[in-house]
Amino acid sequence: MTTAALMIALFHHSSRFARTPPCRRLLLAQTFVSTPGRRAATAPTPPANPAILRRSPTTEDIEAAELDVELLPQSDALLALTERAAEQLGRISSQEKHSGSALRVSVESGGCHGYQYKMELTPQRAPEDYEFVHPVVTQARVIVDAVSLTLLRGSTIDFATELIGSSFRVVNNPQAVGTGCGCGVSWEAKA
């Protein structure tokens, strides 16, 4: 099968572009390649930095929340953030309406493979939450509840921009079997 290439000209309409003198503006072009589905490869995840565990729940927090979960030792409470995820979280939390917000990542049962990721911005954490920060972009905070962290331990949080939109994603989850559903949200846990 042959690979079809499509050239699409994209203009960059950012404020930096608007301030650039017209004689220096360049037409930006990007090549998109389509391949048969079985041979298609996703873009590699950029390098990630291990996040720093800022706070972990105590046994008292878990008992007060009446959760049936064993706390992970701090050495096993691992999560990584890519630079682009940290930068995007930093931009979001620096906005006045989201000042101090964090990305809450949780795992719920459902989807076609058994579990699915849920992400939302939250201004605060609960006592039973683990709180992670990026080692350089300290306003980039991720909050994970104690139950979800057992299913997310060792994962990487990334921020991806595609033609259809931008979103935070969980990638390289060592607790998942394979790559999960084609939607990238639903997945199956290892036994």
Side-chain angles (χ1 to χ4, degrees), residues 45-95 98-161 166-181 183-191:
T45 304
N49 291 317
I52 298 168
L53 180 62
R54 180 183 280 176
R55 188 199 177 281
S56 60
T58 63
T59 306
E60 294 79 25
D61 294 331
I62 298 300
E63 289 172 359
E66 298 179 358
L67 295 175
D68 184 24
V69 64
E70 288 188 36
L71 288 176
L72 291 175
Q74 289 190 358
S75 60
D76 289 345
L78 305 172
L79 200 65
L81 283 167
T82 63
E83 292 296 323
R84 61 188 179 196
E87 289 169 3
Q88 182 65 18
L89 280 171
R91 280 192 290 274
I92 291 170
S93 68
S94 67
Q95 294 175 356
H98 296 295
S99 180
S101 291
L103 178 68
R104 176 177 292 282
V105 182
S106 58
V107 175
E108 297 178 339
S109 60
C112 56
H113 277 72
Y115 292 103
Q116 59 189 4
Y117 301 117
K118 181 180 176 188
M119 297 186 200
E120 62 186 349
L121 288 178
T122 182
Q124 59 190 359
R125 63 166 181 73
E128 66 271 11
D129 290 336
Y130 288 84
E131 182 180 2
F132 297 92
V133 295
H134 189 267
V136 177
V137 185
T138 56
Q139 67 267 34
R141 299 183 316 133
V142 176
I143 293 174
V144 182
D145 63 88
V147 175
S148 296
L149 188 60
T150 60
L151 295 167
L152 288 168
R153 181 183 42 166
S155 297
T156 299
I157 308 297
D158 188 25
F159 183 77
T161 301
S166 302
S167 63
F168 289 98
R169 298 181 180 179
V170 176
V171 294
N172 303 332
N173 184 349
Q175 311 310 315
V177 174
T179 58
C181 183
C183 67
V185 175
S186 181
W187 55 280
E188 181 180 353
K190 289 183 179 176

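Because only heavy atoms are used, hydrogens play no part in the values below, and waters and symmetry mates are left out as well, while side chains stay in. Index from 1, following the sequence. Every value quoted in this text rests on a predicted model; they were computed, and no experiment measured them.
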I need the minimum non-hydrogen distance between [X] and [Y], along with the two atoms involved.
{"X": "Ala140", "Y": "Ala86", "value": "CB-O, 3.5 Å"}
{"X": "Tyr115", "Y": "Ser109", "value": "CD2-CA, 4.2 Å"}
{"X": "Gln124", "Y": "Arg104", "value": "O-NH2, 3.6 Å"}
{"X": "Gln88", "Y": "Arg91", "value": "OE1-NH2, 2.8 Å"}
{"X": "Val133", "Y": "Thr138", "value": "CG1-O, 3.9 Å"}

Going from [atom1] on [X] to [atom2] on [Y], what distance comes out if it is rounded to the nearest 0.5 angstrom?
{"X": "Ile92", "Y": "Leu103", "atom1": "CD1", "atom2": "CG", "value": "7.5 Å"}
{"X": "Met119", "Y": "Ser167", "atom1": "CE", "atom2": "OG", "value": "7.5 Å"}
{"X": "Arg84", "Y": "Leu89", "atom1": "CZ", "atom2": "CG", "value": "13.0 Å"}

Do the side chain of [X] and the main chain of [Y] share a donor and acceptor less than 3.5 angstrom apart?
{"X": "Ser93", "Y": "Gln139", "answer": "yes"}
{"X": "Gln175", "Y": "Arg153", "answer": "yes"}
{"X": "Arg55", "Y": "Pro127", "answer": "yes"}

Which donor-acceptor pairs under 3.5 Å do the side chains of residues 66-78 make with protein atoms, sequence neighbours left out?
unit_1, atom_1, unit_2, atom_2, d
Gln74, NE2, Ser56, OG, 3.1

Could you go through residues 141-151 and list every donor-acceptor pair under 3.5 Å that involves a side-chain atom there, pairing it with any protein atom two or more places apart or in another chain?
unit_1, atom_1, unit_2, atom_2, d
Arg141, NH1, Glu131, OE2, 2.6
Arg141, NH2, Gly100, O, 2.6
Asp145, OD1, Val147, N, 3.2
Asp145, OD1, Ser148, N, 2.9
Asp145, OD1, Ser148, OG, 3.2
Asp145, OD2, Ser148, OG, 2.8
Ser148, OG, Val107, N, 2.9
Thr150, OG1, Val147, O, 2.6

Taking the side chain as every heavy atom from C-beta outward, state whether Ile157 and Thr82 have any pair of such atoms under 4.5 Å apart.
->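 Ile157 vs Thr82: side chains apart.
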Note, Phe168 side chain near Val105 side chain (heavy atom, < 4.5 Å) |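 Result no, sub-4.5 Å side-chain heavy-atom pair not found.
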Residues which pass salt bridge (charged side-chain N to carboxylate O under 4.0 Å, His left out) with Glu120, listed by chain and number, not counting sequence neighbours = none
Hey, mind stepping through Tyr117 and Asn173 against side chain to side chain contact (heavy atoms under 4.5 Å, CB included) and telling me if it holds?
-> CA-CA 11 Å; Tyr117 301 117; Asn173 184 349; 3.0 Å; yes
Begin with the C-alpha distance, continue with both residues' side-chain angles, and end with the deciding distance and a verdict on side chain to side chain contact (heavy atoms under 4.5 Å, CB included) for His134 and Glu87.
-> CA-CA 10 Å; His134 189 267; Glu87 289 169 3; over 6 Å; no
Those residues that, when tested against [X], pass side chain to side chain contact (heavy atoms under 4.5 Å, CB included) (two or more places apart):
{"X": "Thr161", "result": "Phe159, Ser166"}
{"X": "Thr58", "result": "Glu60, Asp61"}
{"X": "Pro135", "result": "Asn49, Ile52"}

